[in-house]
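For the numbers below, each heavy atom of this structure counts, side chains included, while hydrogens, waters and symmetry mates do not. Per chain, numbering begins at 1; letters A, B, ... match sequence-line order.
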Number of protein chains: 2
Amino acid sequence: MDYRKIDLLFKPKSVAIIGASENPDKVGHVIMQNYIDVGFSGMIYPINRDAERVLGRKAYKNVKDVGAKVDLAVIAIPAEGAIRALEDCGKAGVRSAIVVASGFAEIGRDDLQKSLVKVSEKYGMPILGPNCLGVMDMRSRVDTMFLPTFKLDKPKIGGVAFVSQSGAVGSTVLDMISHEGFGLSKFISYGNAAVIDEVDLLEYLMHDDDTKIVLFYMEGVKRGREFIDTVKRFTQTKPIIIAKGGITQEGSKAAQSHTASLAGSATAYEAVFRQFGLVHARDIDDLLSFGKIFETEGLSPGKRVAIITNGGGTGVLATDALYSNGLVQADLSEDSAKALRKVMPSIVNVRMPLDMGGDADDKRFAAAMDIITKDKNADMIMVIALFQTPGADSRVAATLIHYKSNTDKPMVVVSPGGNYAQVHNQMMESSGLPVYESPSAAARAMKALLDYSNYIRDTCGIYGKGQKRQK
Amino acid sequence: MDYRKIDLLFKPKSVAIIGASENPDKVGHVIMQNYIDVGFSGMIYPINRDAERVLGRKAYKNVKDVGAKVDLAVIAIPAEGAIRALEDCGKAGVRSAIVVASGFAEIGRDDLQKSLVKVSEKYGMPILGPNCLGVMDMRSRVDTMFLPTFKLDKPKIGGVAFVSQSGAVGSTVLDMISHEGFGLSKFISYGNAAVIDEVDLLEYLMHDDDTKIVLFYMEGVKRGREFIDTVKRFTQTKPIIIAKGGITQEGSKAAQSHTASLAGSATAYEAVFRQFGLVHARDIDDLLSFGKIFETEGLSPGKRVAIITNGGGTGVLATDALYSNGLVQADLSEDSAKALRKVMPSIVNVRMPLDMGGDADDKRFAAAMDIITKDKNADMIMVIALFQTPGADSRVAATLIHYKSNTDKPMVVVSPGGNYAQVHNQMMESSGLPVYESPSAAARAMKALLDYSNYIRDTCGIYGKGQKRQK
């Protein structure tokens, strides 16, 4: 399939909603209302056998009656009717379609799914789904999701595309992405992947300038060879963070009845992930945690991490976390050690982890950052800022944001805590500084970034020390 | 040391604050203000060489001038002065002391730490610290912490004692405990453990009826044999969840300069933890995550987990999470399967994980819970409630709370998401239902509970199937 056709799903100039309804309980109602609410600038054609008008617009009995070009049909009626509607779409020259209904191969109705594929082939019409939530495009404001909008936080515009085979994982992770302040480019829930599959979607996103990184929840791969070929080219330009459902034998059985995916063995998948530079997330928490560092940080030249902390115990845990995850502490240069001795109180032991004491304020953080951001022995920086301490306040957050914008080294902040800490975490995150709740979570994310950085350096050779990944 | 003397730290009838001051930047000011703010019912004696009055109360030049019984002295002056003040306390018959100052063995001043121990021995006076934050007691309202109170969320009263060798880990985890809605009995930050050490504290908490479970952050053990002996007896009555700083070789070096702890090898510690029923948390996130299930759930009779979900993909991830953590899916009885087939829509596949569909509402959740809570083949229950779906609302949360209070099986909820989900998560957690953000986090916690349950069954033999841990 020509991946460029997929663009129609995200940027249609006209859309037909098949099953559009005045009844707010109907999926077709929610989808049409969404198009209206977001201020969709193209034409909207409600299709309903029994209504004259839907949501204030002229309704048509059949998509064939529209008599104008339709870029996208969203099919919001049950499985059997959906096939007939798709046939009508094909005849009417509709250019693409999304089928949200379930009731196809995932419950054993392979016959219905085959019919759907046939219609797609007959008319050269790309179809997303069935058994999916459809798409969101943050820039064109297209939103085919039929979930009650008050239940999900709204994402801001950014460079993260999130692709999910599962609608459930899709909607929850989308909600978390929004809540955590990620910037989203596109959301795609692709369900059974009867026509448009993971390979097509990756091809499309590889060429999508709005997308800088991809978060991917996948249950199975239909075209193994093409998938690997695409991934190989993709990961050399942008990172893909992938969570794979059905990685255990039992999980794989569950995936089979969920999206009719043949899940394959865990070992085989993990080997492929490693070999082709895919960043492997074990679960949805990893997906978000890794996504956070990849969204804002450039590649890392190495595994040496400088730890700066205003709390000793957390520095100890951070050291454990580094070594447990295959990272090491930076061995500061003699010059840095000398400079630190001059600016730190005498009680501070100038070594890694640099424990500046519970009374460290913004000036002490700045003094340390000034020296450590320049130290060539440090590849990455983990700053532990405990906002429960007397010296830590908004000025410390502002100081870290300042140094972050002046260094090429990947840098993360560890800041666990309640309301006061979280206000400052949001302040730092909205300024592009990734914040973690524990040293382990930070170290795991740094290791994921390092693995990808090493992969890029080894396979492309284009990445030199201190050079930022092109964003 | 007689552990009963430690009670004086938590329930003094009179307290002297050495270093009490009108200057709000001084630690002695913050501590005294805390005693006043929480409505401490005993006598407060500020000790200050230069002031007539502090915070509206008559001040004394020396603790020896008080001329009344003093149960506890909080020493809020630097290290060298602290030794002299302790000597004065001993002479004045003060019954216990907390030394918050740092500047002892952790920076190589073993001489000062030895002097402190000598004073304690000379007068039979238990001393907490030095280099610590002191204590909080939720019932007596004693609070010796010198952190700005607006920076920390306030805990509610409950059965969790949190003991931390590190003040930094102590204050941040305390903040998170409060934010996550745990109920606290006592908080103890014990620093260098010069006199009162981890063994004394555990002996004390073992006999403390207010404490049902202990969360423990430790960097090193001074009395290995006694520690093991105490832990062995302790874990047979209440669980201890322990995070050990310095578990790697490098982390152990950091711990040495932090609390002067000889950390020992990781392998040795982990073997001891397993052997004596300590629940091992890898980091502060595990500490909280495990604490949550132990706070509310009884012991588990086995590893068979029933998964109920309103989202297929999350069910797949949950299945992976079970098997990756040494748990298995429950094999539902024939009766349960039959009963479920009657009450579930025909599209629902009656098997594990039970995917009830994205349109599942409170009635469908109730129907499933009704059957599964009674199934003898299920030892524990993991309910995945995705509040982003059309059918899930406050009634689903209320339904889960209802079934939770009517079952002996350990039960957890997985509910990832933003604001709408979190409102419901708080609703469930405040009703004693542990909620996790991902299937992995839930499965890890269930595995920790199972390991402890098996330990209790194997060592005590007192625990039978379906029987609840005494709470």
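Looking at B:E270 and B:R282, no side-chain N of the basic residue comes within less than 4.0 Å of a carboxylate O on the acidic one, giving no salt bridge. The pair A:R444-A:D286 counts as a salt bridge, with a side-chain nitrogen and a carboxylate oxygen less than 4.0 angstrom apart.
Chain B forms more heavy-atom pairs under 4.5 Å with one residue of A:S171, A:G170, A:S324, A:S440 than with any other, namely A:S440. Chain A forms the most heavy-atom pairs under 4.5 Å with one residue out of B:V173, B:D283, B:V328, B:D320, and that residue is B:D320. Contact count versus chain B (heavy atoms, under 4.5 Å) is highest, among A:H179, A:M176, A:Q388, for A:Q388. Of the listed residues (A:A392, A:G357, A:S415), the greatest number of heavy-atom pairs within a distance under 4.5 Å of chain B belongs to A:A392. Ranked by heavy-atom pairs shorter than 4.5 Å toward chain B, the options A:I177, A:D393, A:L317, A:V169 are led by A:L317.
Only the side chain of A:Q422 comes within contact range of chain B, with heavy atoms under 4.5 Å apart. Heavy atoms of A:Q329 lying under 4.5 Å from chain B belong exclusively to its side chain. Contacts between B:D153 and chain A at a heavy-atom distance below 4.5 Å involve the side chain alone, from C-beta outward. With a threshold of 4.5 angstrom between heavy atoms, B:E180 does not approach chain A through any atom at all. Contact annotation for B:P439: both backbone and side-chain heavy atoms come within less than 4.5 Å of a heavy atom of chain A. Using a 4.5 Å cut-off between heavy atoms, B:S178 makes no contact with chain A at all.
For B:D331, the CG atom is loosely surrounded, since the number of other residues' heavy atoms within 6.0 Å does not exceed 12. Within a 6.0 Å sphere centred on NZ of B:K151, other residues, nucleotides and ligands contribute more than 12 heavy atoms.
Put simply, the residue from B:T389, B:D355, B:D359 that forms a side-chain hydrogen bond (donor to acceptor under 3.5 Å, both in side chains) with B:N310 is B:T389.
When side chains are defined from C-beta on, A:P416 counts as touching A:L386, because their heavy atoms get closer than 4.5 Å.
When the side chain to side chain donor-acceptor pair (under 3.5 Å) test is applied to B:H424, the partners found at least two apart in sequence or on another chain are B:S394. For B:E437, the side chain to side chain donor-acceptor pair (under 3.5 Å) test picks out no residue, with sequence neighbours left out.
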